[in-house]
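Written out below as structure tokens is the structure these notes cover.
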Amino acid sequence: MRTLRFLISARHLCARGRGIPAGQALGTGNNAQKQVTCCLHTSPPPGPPQATSSAGSVTPYEDVFQREQRNKASFVEVLDLYCNRDVRRRGHVEIIEAALRWMTEFGVEKDLEVYNKLLDVFPKEVFVPQNYIQRMFNHYPRQQECAIRVLEQMENYGITPNKQTCFLLLQIFGARSHPIRKYQRMMYWFPRFKHTNPFPVPAELPADPVELSRMCLHRIANDLDSRVAVYQMPYTEKCDDGKEREHLHVVGIQSPSQVSLLAAHNPSTPVYVEGPFPLWLRKTCVYYYILRADPDPMRKEEEIDNERSLYYPLSLDLELDRDLGDDDSFDVDDVEEGPVFAMCMAGSAY
């Protein structure tokens, strides 16, 4: 009887929820039990899927990203339109991921201010864990992964975060979140590896092709006494038939030792121009050529006096503790190469 009373009471609750009059909801015996069981274990038929608000909130901004005027002002304008549209920032993960994909098209992939603007899109003080259980189970993982992707793109382009980046991450995710840990690792390693390259490449390469060739040849040359010579500047020649012919630049470099090797070279032996060989400076690829000759089998190497040469130390005393199992022999392939007399860069690689 108690079970039947409970089922009848549940039947009353289901009937009120569906708007059924109370008189129609009453039943007795097995009929009442079957009706109540049906009411508890069935659900209304599924309707057509409705579009989520996040998808609808990102769609209008794709057209703005694809417009013709692509610069920093238009990129920031898109983010401001989104932030002013909804206080709750619905679809903020989608708009940030779309903005990360379009940053290279707008030329703002190396702008720290724009990355801070992207982090400012997140709602504030919503994803901060309130207890240790939320911190342990990765509170709001999708939002934290999105912020980590923003920091990883900054890391790929060599952008060092600043105090505003840290303040935004603390305000959004709290002090013990994964984005904050990522920020701390970046601030630990970036200053240590920033100046490790003894031959750093400037952030902005010269726009003049002659100056760019001069800088590249200095980087390739091993001798600091090498001198660069500009054999031809770029100019346009007007032919007799009225057509214009462009002459590209030719820039070369040669060290004093290469000059002496070329002067002592036998004129009957041919020399070769090899190339082009690629050289990458950041995202710019340039090409260079070398002037070389085949190795001379009759040439004898000059004996170098160890006491008069700066390439050899006067005394070298090494006391290295070696084990009996160490192998002192080295497998070295001696490949004889011919002398290189000069290098140059031209306006065209072919």
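Being a predicted model, the structure only gives us computed values, none of them experimental.
Of all the heavy atoms in Ala175 and Leu170, the pair that sits closest is CA-CD2, 3.6 Å. Across Val286 and Cys216, no two heavy atoms sit closer than the pair CG2-SG, 3.7 Å. The nearest pair of heavy atoms linking Met103 to Val114 is CE-CG1, 3.9 Å. Counting all heavy atoms, side chain and backbone alike, Pro270 lies closest to Ala293 at O-CB, 4.0 Å. The minimum heavy-atom distance linking Arg89 with Cys83 is given by the pair NE-O, 3.7 Å. Between Phe190 and Gly158, the closest heavy-atom pair is CE2-C, 4.0 Å.
Counting heavy atoms from C-beta on, the side chains of Arg219 and Leu281 come closer than 4.5 Å. In this structure the side chain of Leu112 reaches within 4.5 angstrom of the side chain of Thr165, judged on heavy atoms. The shortest distance between side-chain heavy atoms of Lys182 and Glu152 falls below 4.5 Å. In this structure the side chain of Val251 never reaches within 4.5 angstrom of the side chain of Cys344, judged on heavy atoms. Using a 4.5 Å heavy-atom cutoff, the side chains of Pro295 and Glu337 are not in contact. The closest side-chain heavy-atom distance from Leu291 to Met343 is not below 4.5 Å. Using a 4.5 Å heavy-atom cutoff, the side chains of Val210 and Pro234 are in contact. Side-chain contact between Met187 and Pro161 is present, with heavy atoms from C-beta onward closer than 4.5 Å.
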Could you walk me through whether Asp223 and Ser226 pass the side chain to side chain contact (heavy atoms under 4.5 Å, CB included) check? CA-CA 6 Å; Asp223 195 348; Ser226 301; 3.5 Å; yes
Under the criterion side chain to side chain contact (heavy atoms under 4.5 Å, CB included), I'd like the reasoning laid out for Tyr289 against Met345: C-alpha separation, chi angles, the key distance, then a yes or no. CA-CA 6 Å; Tyr289 301 83; Met345 282 188 176; over 6 Å; no
Output, in order, the C-alpha distance, side-chain angles, deciding distance and verdict of side chain to side chain contact (heavy atoms under 4.5 Å, CB included) for Phe122 and Cys146. CA-CA 10 Å; Phe122 284 102; Cys146 181; 3.9 Å; yes
Please step through side chain to side chain contact (heavy atoms under 4.5 Å, CB included) for the pair Ile290 and Phe277, ending with a clear verdict. CA-CA 9 Å; Ile290 62 173; Phe277 302 103; 3.9 Å; yes
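At distances below 3.5 Å, at least one donor-acceptor pair connects side-chain atoms of Gln254 with backbone N or O atoms of Phe341. Checked by atom type and distance alone, the side chain of Asp120 never pairs as donor or acceptor with a backbone atom of Asn116 at under 3.5 Å. A donor-acceptor pair under 3.5 Å links the side-chain atoms of Gln144 to the main chain of His178, judged by distance alone. A donor-acceptor pair is defined here as one N or O able to donate and one able to accept, closer than 3.5 Å; such a pair exists between the side chain of Asn131 and the backbone of Gln134. Between the side chain of Gln232 and the main chain of Val230, no donor-acceptor pair closer than 3.5 Å is present. Counting only distance, with no hydrogens or angles, the side chain of Gln258 and the backbone of Ser255 share a donor-acceptor pair below 3.5 Å. In this structure a side-chain-to-backbone donor-acceptor pair under 3.5 Å is present from Tyr115 to Glu109. At least one donor-acceptor pair under 3.5 Å links the side chain of Ser74 to the backbone N or O of Gln69. Listed for the Arg245 side chain is no donor-acceptor partner under 3.5 Å among the backbone atoms of Thr236.
Note on Leu217: it does not cluster hydrophobically with Trp280, by side-chain heavy-atom contacts below 4.5 Å among ILVMFWY residues. Using a 4.5 Å cut-off between side-chain heavy atoms of Ile, Leu, Val, Met, Phe, Trp and Tyr, with links allowed through other members, Val126 and Leu169 fall into the same hydrophobic cluster. No continuous path of hydrophobic side-chain contacts links Leu168 to Val93 [ILVMFWY only; heavy atoms under 4.5 Å]. No single ILVMFWY cluster, assembled from side-chain heavy atoms under 4.5 Å apart, contains both Val259 and Val340. Side-chain heavy atoms closer than 4.5 Å link hydrophobic residues (I, L, V, M, F, W, Y) into clusters, and following such links, possibly through other members, connects Leu279 to Val228.
Applying the 6.0 Å contact sphere to NZ of Lys124 captures more than 12 heavy atoms from other residues, nucleotides or ligands. Taking a 6.0 Å sphere around CD of Glu274, one finds it holds more than 12 heavy atoms contributed by other residues, nucleotides or ligands. The neighbour count for Glu97 CD, taken as heavy atoms of other residues, nucleotides or ligands under 6.0 Å away, is above 12. In this structure, Phe167 places its CZ atom where only 12 or fewer heavy-atom neighbours from other residues, nucleotides or ligands lie under 6.0 Å away. Within a 6.0 Å sphere centred on CD of Glu237, other residues, nucleotides and ligands contribute more than 12 heavy atoms.
For the atom pair Tyr82 OH and Ile96 CD1, the distance stands at 7.5 Å (nearest 0.5 Å). Between the CG atom of Asp111 and the NZ atom of Lys117 there is a distance of 12.5 Å, given to the nearest 0.5 Å. The distance from the CE atom of Met186 to the CH2 atom of Trp189 is 14.0 Å, given to the nearest 0.5 Å. To the nearest 0.5 Å, the span separating CG on Leu151 from CG on Asn156 amounts to 11.0 Å. Put simply, CH2 on Trp102 and CG on Leu100 are 13.5 Å apart, with the number rounded to the nearest 0.5 Å. The distance from atom CD of Glu155 to atom OG1 of Thr160, rounded to the nearest 0.5 Å, is 10.0 Å.
Taking a cutoff of 4.0 Å between a charged side-chain nitrogen and a carboxylate oxygen, Arg142 and Glu94 qualify as a salt bridge. Using a 4.0 Å cut-off between charged side-chain N and carboxylate O, Glu105 and Arg70 make a salt bridge.
Using a 4.5 Å cut-off between side-chain heavy atoms of Ile, Leu, Val, Met, Phe, Trp and Tyr, Tyr231 falls into a hydrophobic cluster with Val250.
Aromatic ring centres of His92 and Phe127: separated by under 6.0 Å. Aromatic pair Tyr140/Phe173: centroids not less than 6.0 angstrom apart.
Every residue two or more places apart in sequence or in another chain was checked for a side-chain hydrogen bond (donor to acceptor under 3.5 Å, both in side chains) with Arg135, and none qualifies. Listed by chain and number, the residues in a side-chain hydrogen bond (donor to acceptor under 3.5 Å, both in side chains) with Asp294 are Tyr272, Arg292 (sequence neighbours excluded).
Seen from the ring of Tyr188, Arg192 counts as a face-on cation partner, given the 6.0 Å and 45° thresholds.
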